[in-house]
Amino acid sequence: MWPKSKEVSTDQFYPSSSDTPGTGHTDMEGGMEKIEMTDEPTANVNDSGLKRDLHLRHMVMIAISGTIGTGLFLTSGKTVATAGPLGALLAYMVIGVWLVFVCQAIGEIATLLPLPGAFTAWGSRVFDEAFSFQMTWVYFLNWALTIPAELSASSLIVAFWLPEGSHFPTWLVPVLVIIALVIINLLGVSVYGEIEYWFSILKVVTIVIFIICGILVDAGAVGGHTYGGENWRIDGAPFKGGFRAFLSVLVSVGFAYGGTELSGVTAAESSNPHKHVPKAVNTVLVRIAFFYILSIFFLGSIVANSDPRLLNSDGTVINAPFTIVFVKAGLKGGASYMNAVILTSVISAANSDFYVATRMLMSLARNGWAPKFIGRTNSRGVPLFAVAITTAFSCIALVMIYAGASTVFDWLVSLIGSIIFLAWCCILFLHFRFRACWKAQGRSPSELPYVSWGYPYGHYLASIIAFGCVLASFYLSIASKPHADPVLGTSDPKYKAALNTWAQGLLGAWFPWFMAVSLYFGYKFIKGTKIVNPAEADLDTGRWVPVPQPEDEDDGVKKPLWKRILAFLM
């Protein structure tokens with residue numbers, strides 16, 4: 001193995017690399033820390049106690065695994081049923097464009113500063129410590145709530161295989177999953193990465209099969225009926241419900257995409273952030289666009305938006321959108337196969353959620369925003385106390401089962417989708433601020449180890465989309481308040497359902513922003529923090545500088561086509 005540079009501090013808790021152990025040479029020049037490379041090999045562990053055991057294939061597939069889950073497999077049908085095939089497709093495309101530039105922003109800064117806590121730690125460097133405080137707590141809450149959301153669906157998924165009238169205790173399923181999550185995360189990041197890699201491959205293979213199946217069914221090659229574009233011309237299609245329906249599905253689409261930004265969080269445990277982070281943010285985006293856009297296109301083409309099964313109101317996999325297409329293709333075992341895939345997806349997504357939640361807790365502790373003992377790691381680089389606290393949050397899923405897993409899941413989708421929007425907005429803002437600090441210190445973008453493409457105009461476009469999505473969620477949360485039927489009054493079941501949906505949107509739209517503003521100004525008032533002067537921003541402490549690697553023997557040699565295809569997919 002080629003030697004790596006001695007790593008300096010990777011946590012903003014340390015004021016400078018001179019406070020960290022090691023033999024790497026640093027000095028101060030012009031008020032900023034100058035980091036020089038060394039040829040000494042180093043242990044695969046950074047100063048935060050985390051181990052750099054994640055490789056490129058892990059990071060790429062973790063990002064895919066964090067996004068492809070219940071959001072696509074279970075809620076995409078509701079998106080098509082609400083907004084029609086074109087409305088759903090546009091929603092996924094618009095949010096996808098926003099996400100492209102969010103990940104580019106993450107790639108640029110995470111490659112330079114692969115800090116524990118990732119983008120939640122950047123605020124203290126380039127803007128205000130209070131900003132990092134609020135963002136870290138909000139992002140932790142996002143993943144702490146996402147775990148119960150994933151687990152609440154697990155009991156419904158397993159119920160598909162149970163005979164009618166079965167007395168099987170549904171709470172047992174989340175308990176077993178929670179135990180598995182704890183064991184996986186206690187074994188260390190390398191085990192976590194390897195498990196996520198294989199789970200992700202299963203999901204990728206399933207979506208590829210679905211897309212191939214969709215092509216054959218749509219063309220009439222299987223299933224006995226040629227759909228073509230007929231479902232784009234039926235009543236209500238292609239833009240069902242108009243512009244308002246399109247706006248109403250944006251949050252659920254955000255929930256489906258949530259997790260793509262995980263490549264920034266895993267940078268602190270990457271064996272080579274300079275190489276892995278850029279490839280992760282670039283290759284994953286192409287695959288996510290391929291998987292999501294094509295899946296939604298064929299789903300809307302094959303299944304009519306008026307099909308009641310798309311709403312999946314009972315939360316069972318037999319009505320899951322992917323299963324409907326498998327059945328139309330004549331694959332009788334499609335439901336059971338899809339059920340198994342969705343179950344593994346729930347476990348995989350919950351595993352990623354669990355991992356991120358523990359790292360956010362550790363970052364809070366290392367920065368003095370939570371008790372310090374929470375940030376302690378064992379010899380495997382695992383923050384044990386953070387794992388224990390995250391496990392306690394996971395157990396909320398057990399309570400949800402008694403409150404109605406399907407109902408609670410809808411509430412959490414609304415809340416989590418809005419928190420994801422908030423996080424993406426904060427990332428874009430920090431990237432603009434980072435570039436301002438970089439420029440104020442007389443540095444050129446060419447000095448960055450990775451430069452995000454599309455800056456600044458692509459990021460301006462993403463900011464416009466972000467502003468529009470947030471404004472739309474605020475508007476719909478108020479304007480969609482239902483009115484009771486003059487005859488049936490408040491006892492009307494349809495009114496009660498509409499009122500519940502309105503309350504979900506109201507909570508989801510406003511609570512994350514109210515919480516973020518309260519945390520920011522509360523911390524700022526108590527601690528008296530000040531906005532960082534761009535010329536004095538610390539853009540060096542925590543940088544990971546690799547030793548130049550010799551060119552690979554295979555460089556310049558064109559690989560066979562089948563190897564290139566396999567490398568692209570896997």
Side-chain angles (χ1 to χ4, degrees), residues 10-11 13 44-54 58-59 62 65-66 69 114-118 120-121 136-152 154 171-197 199 259 261-262 264-270 346-400 412 416:
T10 53
D11 196 326
F13 178 73
N44 199 29
V45 60
N46 58 40
D47 295 306
S48 66
L50 298 175
K51 291 193 173 183
R52 295 191 179 277
D53 285 340
L54 292 180
H58 295 138
M59 293 190 64
I62 284 171
S65 181
L115 306 174
T120 63
T136 309
W137 273 111
V138 169
Y139 200 64
F140 162 71
L141 182 63
N142 172 72
W143 294 108
L145 291 177
T146 304
I147 300 171
E150 301 283 2
L151 296 179
S152 65
S154 63
W171 56 264
L172 184 59
V173 179
V175 169
L176 295 176
V177 175
I178 290 172
I179 293 174
L181 297 181
V182 173
I183 293 174
I184 291 171
N185 280 269
L186 287 179
L187 291 176
V189 71
S190 60
V191 175
Y192 158 78
E194 200 64 34
I195 290 176
E196 282 303 291
Y197 175 77
F199 271 151
E261 70 279 357
L262 291 184
V265 179
T266 56
E269 294 175 83
S270 165
V346 166
I347 298 173
S348 170
N351 192 30
S352 291
D353 303 342
F354 200 100
Y355 166 83
V356 179
T358 59
R359 269 49 182 181
M360 289 300 107
L361 273 176
M362 193 188 75
S363 180
L364 286 166
R366 292 297 177 91
N367 286 286
W369 303 331
K372 288 186 178 181
F373 71 87
I374 296 177
R376 296 174 186 168
T377 58
N378 63 8
S379 59
R380 293 179 179 270
V382 178
L384 294 178
F385 292 102
V387 168
I389 295 172
T390 305
T391 303
F393 270 91
S394 303
C395 292
I396 296 175
L398 305 179
V399 180
M400 290 180 177
L412 289 176
I416 295 167

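Everything quoted here is computed from the prediction, not taken from an experiment.
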Could you measure the distance from the [atom1] atom of [X] to the [atom2] atom of [Y]? Nearest 0.5 Å is fine.
{"X": "Leu151", "Y": "Ser394", "atom1": "CG", "atom2": "OG", "result": "6.0 Å"}
{"X": "Leu364", "Y": "Thr120", "atom1": "CG", "atom2": "OG1", "result": "7.5 Å"}
{"X": "Lys372", "Y": "Phe385", "atom1": "NZ", "atom2": "CZ", "result": "15.0 Å"}
{"X": "Leu384", "Y": "Thr358", "atom1": "CG", "atom2": "OG1", "result": "10.5 Å"}
{"X": "Leu361", "Y": "Trp137", "atom1": "CG", "atom2": "CH2", "result": "6.5 Å"}

Show the nearest heavy-atom pair for residues [X] and [Y], with the distance to one decimal.
{"X": "Ala144", "Y": "Ala357", "result": "N-CB, 4.5 Å"}
{"X": "Pro148", "Y": "Leu412", "result": "C-CD1, 4.4 Å"}
{"X": "Gly375", "Y": "Arg366", "result": "O-NH2, 2.8 Å"}

*asked:* Between Tyr139 and Val356, does the side-chain contact (heavy atoms from CB on, under 4.5 Å) criterion hold? Intermediate values first, please.
replied: CA-CA 9 Å; Tyr139 200 64; Val356 179; 3.8 Å; yes
*Are Ile147 and Phe393 close enough, and set up right, to give a side-chain contact (heavy atoms from CB on, under 4.5 Å), and what steps lead you there?*
CA-CA 8 Å; Ile147 300 171; Phe393 270 91; 5.8 Å; no
Using atom types as modelled, flag every donor-acceptor pair under 3.5 Å from a side chain in residues 179-188 to any protein atom, sequence neighbours excluded.
| unit_1 | atom_1 | unit_2 | atom_2 | d |
| --- | --- | --- | --- | --- |
| Asn185 | ND2 | Leu181 | O | 2.8 |
| Asn185 | ND2 | Asn351 | OD1 | 3.2 |

*asked:* Tell me if a side-chain donor or acceptor on Ser363 pairs with a main-chain N or O of Arg359 at a distance below 3.5 Å.
replied: no
_Derivation of the side-chain contact (heavy atoms from CB on, under 4.5 Å) call for Phe354 and Val387_ = CA-CA 8 Å; Phe354 200 100; Val387 168; 3.9 Å; yes
